[in-house]
Amino acid sequence: MITKIWQRLTNKKSAKHPSTPLVVTRDKHNISRNKISKSALKVLYRLNDAGFEAFLVGGGVRDILLGLSPKDFDIATSATPEEVCKLFKNSRLIGRRFKLAHVLFGREVIEVATFRGDHTSSSSKHAVTSKQGMLVRDNVYGNLEQDAFRRDFTVNALYYSAKDFTLLDHTGGLEDLKAKQMRLIGDPITRYQEDPVRILRAIRLSCKLNLLIEPKTAAPIAELSEMLEHISAARLWDESNKLLLSGYAEKTWHQLCQYDVARHLFAQTCQSLNQNNAEEFNAFIQAALVSTDKRIDQKQPVTPAFLFAVFLWQPLQDLTTALISKGTVPYEASQKAAARVLDIQRKSIAIPKRFSIVIKEIWSLQFRLMNRKKRNIDSLIQHPKFRAAYDFLCLRALDNDELKELAKWWTDFQNGIPEERNKLIKSVYQPHTGRSRKKRKPRKKTQFKE
Ligand code: ATP
Ligand code: MG
């Protein structure tokens, strides 16, 4: 599709020069209104009717051009966030670093951002840069052309007008889409320094869209990824969710490791991967990522807590062992280790409490799954996190023969009818045969109830 558009446009001027955008008319591109959400169109029309410029931009345009269904729709406009809020009762202002308006249609959110200007030419308080060159605040408004050059990748800077249905390309995005590559607009080092999260976006989007990170854009990633440590832990929580729960987690994790970025997000995980049990832990992570991608593909629910529990499992084991060797009793050691491992992780990625509770539950259920006495089974199987803990055990078992038997037992138990369940319980229950014990009266036979 992109190639076709490009072939039809080869007689047009190049889009590389800022002042001469490539203008692609309706008959020469594949963006039709039926591929755009009705809510996004409503916002575009109302802004246009009120006399403002407004364009669909970002992932919405990029994904349609690639023949994909966009995840969400972003709009760029000449209206300020306050003017947008005046026009839409169903809207709210968000962000401080980057102020914008969200227009809400039920569960759908249309993100409306005011055209950004050149922050380097402004000495005002609207753009604030840190010592490392990071843009701490970027609220300098400008025009469409300036906005295009403030975006991250060329493929994200294509603008669709709902007024005349043209597509505007200021930065060579169409050319890059055709070449299947992601290229940062401007000098890559400066652009990563301004916002190191662009490193994560480069990796995430290239995996999701099957695009190559163009060599000059890829070159500084490993060296500059350290700057991610200056990004707020709350923002990295959002970004890590996008990295791991978009359906491309396996590929993305592999790239994060290849570019030596992973250790700035998951320091303890990477440390454990470089130490003991690395193969087994690596296989466990790999299996969890594949299973997460599969669940997303099959539209099954996923929780970030599960993957975080996986990523931190070996660090938890390592720390527990260390505490036990210093004399802490096992139960206390595992409790202390869980708290400490999560505390360390939260310094880089702010895991909200409701998820860290689930992580701890999945971990503690791993020990309870080893106890297959009837009383424990009854309460365990009704535990709200039993299923997650069982899935976790199955993944651990893939590369561990001892755990294979346990995981199979739980699988058979869940699949079994009550008689089979009773047999399974008996199969692991070893009655005590020591001489000192009195013979117990035989108990009434109890069936395991569903
Ligand atoms: P998707 O929504 O599919 O994950 P997207 O590219 O639309 O991908 P958004 O986070 O919705 O991602 O951002 C919308 C647009 O805003 C981007 O396409 C890009 O043009 C711009 N943008 C987002 N983040 C940045 C950034 N850190 N620096 C510069 N521009 C950005
Ligand atoms: Mg988007």
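Predicted model, so just to flag it, every value in this text is computed and none were measured. Just so you know, ligand 1 is whichever comes first in the structure, and atom 1 is the first atom listed for that ligand. Residues: numbered from 1 along the sequence shown.
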(request) Could you tell me whether the side chain of Lys180 reaches within less than 4.5 Å of the side chain of Leu212, counting heavy atoms only? (result) no
Nearest neighbour in protein (non-hydrogen) for [atom]:
atom: atom 27 (N) of ligand 1; value: Asp195 OD2, 2.8 Å
atom: atom 3 (O) of ligand 1; value: Lys208 NZ, 2.9 Å
atom: atom 13 (O) of ligand 1; value: Arg201 NH2, 3.8 Å
atom: atom 16 (O) of ligand 1; value: Arg151 NH1, 3.2 Å
atom: atom 6 (O) of ligand 1; value: Arg62 NH1, 2.9 Å
atom: atom 11 (O) of ligand 1; value: Asp74 OD2, 3.2 Å
atom: atom 30 (N) of ligand 1; value: Asp152 N, 3.2 Å
atom: atom 7 (O) of ligand 1; value: Gly59 N, 3.0 Å

(message) Side chains of His170 and Glu145 only: does a donor on one sit below 3.5 Å from an acceptor on the other?
(response)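 No pair is found: no donor N or O on one side chain lies under 3.5 Å from an acceptor on the other.
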(message) Going by the closest heavy atom to atom 18 (O) of ligand 1, which one wins out of Gly58, Ser246, Pro196?
(response)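 Looking at heavy atoms only, the winner is Gly58.
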Once you measure the plane-to-plane angle for [X] and [Y], does it fall in the parallel (<30°), tilted (30-60°) or perpendicular (>60°) bin?
X: Phe413; Y: Trp410; answer: perpendicular
X: Phe355; Y: Trp237; answer: tilted
X: Phe115; Y: Phe55; answer: tilted
X: Phe311; Y: Trp253; answer: tilted

(message) Which of the numbered atoms in ligand 1 are under 4.0 angstrom from any heavy atom belonging to Lys71?
(response)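 Taking each heavy atom of Lys71 in turn, ligand 1 has 1 (P), 2 (O), 3 (O), 4 (O) under 4.0 Å.
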(request) Go through ligand 1 atom by atom and flag the ones less than 4.0 Å from a non-hydrogen atom of Arg204. (result) 4 (O)
(message) Do the side chains of Lys347 and Asp343 get close enough for a salt bridge, i.e. N-O under 4.0 angstrom?
(response)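 Asp343 and Lys347: not salt-bridged.
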(message) If I apply the N/O under 3.5 Å rule, does Lys242 come out as touching ligand 1?
(response) no
(request) Could you tell me whether Leu205 and ligand 1 have an N or O pair separated by under 3.5 Å? (result) no
(message) Can you tell me which portion of Asp72 lies within the under-4.0 Å heavy-atom range of ligand 1? Options are side chain, backbone, both, or neither.
(response) side chain
(request) Could you pull out the atom name of the N/O/S atom in Asp72 that is nearest the Mg ion (ligand 2)? (result)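 The atom in question is OD1.
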(message) Taking only non-hydrogen atoms of Glu111, do any sit less than 4.0 angstrom from ligand 1?
(response)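 It does not, in that no heavy atom of Glu111 comes within the 4.0 Å cut-off of ligand 1.
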(message) Taking only non-hydrogen atoms of Val197, do any sit less than 4.0 angstrom from ligand 1?
(response)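 No.
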(message) So that I know where these two stand, are Phe266 and Phe308 an aromatic pair - ring centroids less than 6.0 Å apart?
(response)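 That pair passes the under 6.0 Å test.
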(message) Holding to ring pair (Phe, Tyr, Trp, His ring centres under 6.0 Å), I want the full list of residues that pass it with Phe306, two or more places apart in sequence or in another chain.
(response)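 Here the qualifying residues are Phe392.
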(message) Once ring pair (Phe, Tyr, Trp, His ring centres under 6.0 Å) is applied, do any residues pair with Tyr192, and if so which ones, sequence neighbours excluded?
(response)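 With neighbours one apart ignored, the set is empty.
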(request) Give a yes or no on whether Asp74 keeps an N, O or S atom under 2.8 Å from the Mg ion (ligand 2). (result)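 Yes.
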(message) Given 3.5 Å as the limit, does a donor-acceptor pair link the side chain of Gln345 with the main chain of Leu265, or not?
(response)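 Side chain of Gln345 to backbone of Leu265, a donor-acceptor pair under 3.5 Å: yes, one is there.
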